[in-house]
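Below is one structure, written out as structure tokens, with a few remarks after it.
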Amino acid sequence: MSQAALLVLADGRFPAGGHAHSGGAEEAVKAGRVTGAADLEEFCRGRLHTTGLVSAALAAAAALGLDPLELDEAADARTPSAALRVAGRRLGRQMMRAARSAWPDPSLDQLAAARPKGAHQPVVLGLAARAAGLGARDAAYCSAYECVSGPATATVRLLSLDPFDATGVLARLAPELDLVVREAAEAAQRAVADGVDELPAASAPLLEVGAEAHAGWPARLFAS
Amino acid sequence: MTVRTGVASGVRGTARITARGDGRGGTVLPVLDGEGPIVPRRTRSAGAGARVTLVGAMSGPLGGDHLTVEAASREGARLQIGSAAATLALPGQSKEAARYDVRLTVGDASELHWLPEQLISVRDSDLRVTTRADLAASASLVLREEQVLGRTGEEAGRLTSRLTVRRAGRLLLDQELSCGPGAPGGWDGPAVLAGHRAIGQLVIVRPEFDQHRPGPALLGETASLTPLAGPAVLVTAVAPDALRVRRTLDEALRTLT
């Protein structure tokens, strides 16, 4: 077990396919809701406290050893957008391939067999963290950070935003990321005691609506 | 009617409605009572089902109040519940949040339409709403929820609303919206509401959707229909005002039922 495994898992170059997704930023840019660094920051903040919190809590719960199939069902119910469920499972399948090769573990093999088309990405991420010897908070950090770094990186490409500005956004969000991770880890602990209904279900209506719009575009730079 | 005593602890009240089939295609209402600020009244129904209107016997919910509605549609019943007017979440003397809990149960071969008027979150109010629907495998549900952030030109209060739908013991939908002053950051930003002041959800669960479920569709620029992971669809709409949300949801409801 190594703490540095967290860096491997959180690295943007970890081959789990995340770079192909904008986390809703592509649609928000096209709709004119994100036009620069200030909007991007508010976009990422909103995403962090909604789907970011939910994903982080799912990842933390999986890392604590909760039944991944039950968590997968909880993720489905918390992802009403069909387009986002498809994206989440596709990312989960890619994460699964990378994780099985990095940290082979029977728990990953079992989930891969039970969900051959992919389980929701945060659930796989949490299991991968566990297989790597990491804890629930580590898994939550990976998930929450990815939820803001994805849109920030995508917006650099979409708006030709200065990468220094995008990194500034992430740095300013760091204290809130700490809070979201703490909340996610606490919810995961409660879920161990009282069941998965304890997990947060915070939603972002415009991310849900935007994902359906984006999925219908004939041409796009990002998969979601 | 419950009288406010001026004590800061708030009002408790539960409205109970139970409908069941009468075995001849009609619906009877063996339970219809309300101790508290929400009174259910039987109103004229167009078809074979029963229709109930919730009437607010006093203003609120105010801070510290805890209101509950428990409605069940059983044994082949067809029940439609609406409300006489919008619900206003108001600030109270108590610093505590108000609570409004809705518990819906729909039995096999039964149907429930839960179509209340809007919930308006008035400035300085603080309300937590939970709506839970538990459905049997062959139950049908039409559920509408609309939230309006502030009266015209007014700042929003604090509102948290969680909606959970379960069918045959399996979780179908679980989502929570949190907005207003003091809500987690970004609630009014480009990922969540982007300045829109009205939000609506319409959930339709029908056993027939097991065979044929409507596909995803855009319903204008800020509204969409999406199939859930089960025999159900969800319409989500945000708009600058309540009227536009209602128009979108009404149109979707006409197309889907």
Side-chain angles (χ1 to χ4, degrees), chain A residues 23-25 27-29 31-35 38-54 70 72-86 151 173 176 179-180 183 196-197 199-216, chain B residues 130 132 147 160-167 169-179 183-196 198-203 213-230 232-239 245 248:
Chain A
E27 189 278 334
V29 164
R33 297 199 307 275
V34 172
T35 58
D39 296 335
L40 173 65
E41 184 168 338
E42 274 308 281
F43 179 89
C44 288
R45 182 169 281 119
R47 190 171 149 77
L48 174 64
H49 289 287
T50 53
T51 56
L53 172 65
V54 171
E70 207 183 335
D72 197 49
E73 185 182 310
D76 258 349
R78 286 161 174 76
T79 317
S81 157
L84 288 181
R85 287 199 302 277
V86 169
L173 285 170
E176 278 177 71
L179 295 176
V180 165
E183 194 181 339
V196 296
D197 285 353
L199 296 175
S203 67
L206 283 173
L207 287 179
E208 298 285 333
V209 171
E212 295 302 335
H214 186 266
Chain B
T130 66
R132 272 190 223 150
Q147 296 92 11
T160 302
S161 180
R162 187 159 181 167
L163 170 61
T164 310
V165 181
R166 237 172 249 285
R167 177 184 167 270
R170 198 172 177 273
L171 193 60
L172 197 55
L173 176 67
D174 195 353
Q175 64 171 184
E176 183 175 271
L177 182 71
S178 203
C179 44
W187 68 269
D188 206 17
V192 188
L193 292 179
H196 292 100
I199 310 112
Q201 293 105 318
L202 177 70
V203 184
R213 221 168 1 146
L218 278 183
L219 313 171
E221 273 181 28
T222 52
S224 67
L225 179 153
T226 183
L228 298 177
V233 297
L234 173 73
V235 176
T236 303
V238 299
V245 164
T248 303

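Every chain is numbered from 1 and lettered A, B, ... according to where its sequence line falls, protein lines coming before strand lines.
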| field | Residue selection (most heavy-atom pairs with chain B, distance under 4.5 Å) from A:E27, A:E42, A:E41, A:R78 | value | A:R78

| Going by an N to O cut-off under 4.0 Å, is there a salt bridge joining B:R166 and B:D174? | no

| said: Taking A:A82's backbone N and O only, do any of them form a donor-acceptor pair with B:T226's side chain (distance below 3.5 Å, no angle check)? | reply: yes

| message | Which one wins on heavy-atom pair count under 4.5 Å against chain A: B:A191, B:G186, B:A217? | response | B:A191

| query | Using a cut-off of under 4.5 Å for heavy-atom pairs, which of A:S203, A:A213, A:A204 has the most such pairs with chain B? | reply | A:S203

| remark: Whatever's closer than 4.5 Å to a heavy atom in chain A on B:L228 counts as both

| message | Heavy-atom pairs under 4.5 Å with chain B: which of A:R47, A:E176, A:E73 has the most? | response | A:E73

| field | Options B:G195, B:G189, B:A237, B:P184, ranked by heavy-atom pairs under 4.5 Å with chain A, top entry | value | B:P184

| note | Ranking A:A28, A:P80, A:A202 by heavy-atom pairs under 4.5 Å to chain B gives rank one to A:P80

| query | Where does B:Q201 contact chain A at under 4.5 Å (heavy atoms): side chain, backbone, both or neither? | reply | neither

| Main-chain N/O of A:D76 paired to A:R85 side chain as donor or acceptor, under 3.5 Å | no

| Got A:T51 and A:L207 here, is their nearest side-chain heavy-atom distance under 4.5 Å? | yes

| field | Part of B:T236 lying under 4.5 Å from any heavy atom of chain A | value | both

| message | Is there a side-chain contact between B:P227 and B:P216 in this structure, where contact means two heavy atoms from C-beta onward sitting under 4.5 Å apart? | response | yes

| said: Give me the atom names and distance for the closest heavy-atom approach of B:L225 to B:G215. | reply: CD2-O, 3.2 Å

| query | Is there side-chain contact between B:L171 and B:T164, with heavy atoms separated by less than 4.5 Å? | reply | yes

| query | For A:T50 and B:V192, which heavy atoms make the closest approach, and how far apart are they? | reply | CG2-CG2, 4.3 Å

| task | Examine whether an atom of A:L199 lies under 4.5 Å from a heavy atom of chain B, and if so say whether it belongs to the side chain, the backbone or both; otherwise answer neither. | result | backbone

| query | With a 4.5 angstrom heavy-atom cut-off, which part of B:L173 approaches chain A: side chain, backbone, both or neither? | reply | both

| remark: Okay, B:A194 and chain A: the region with an atom under 4.5 Å from a heavy atom over there is both

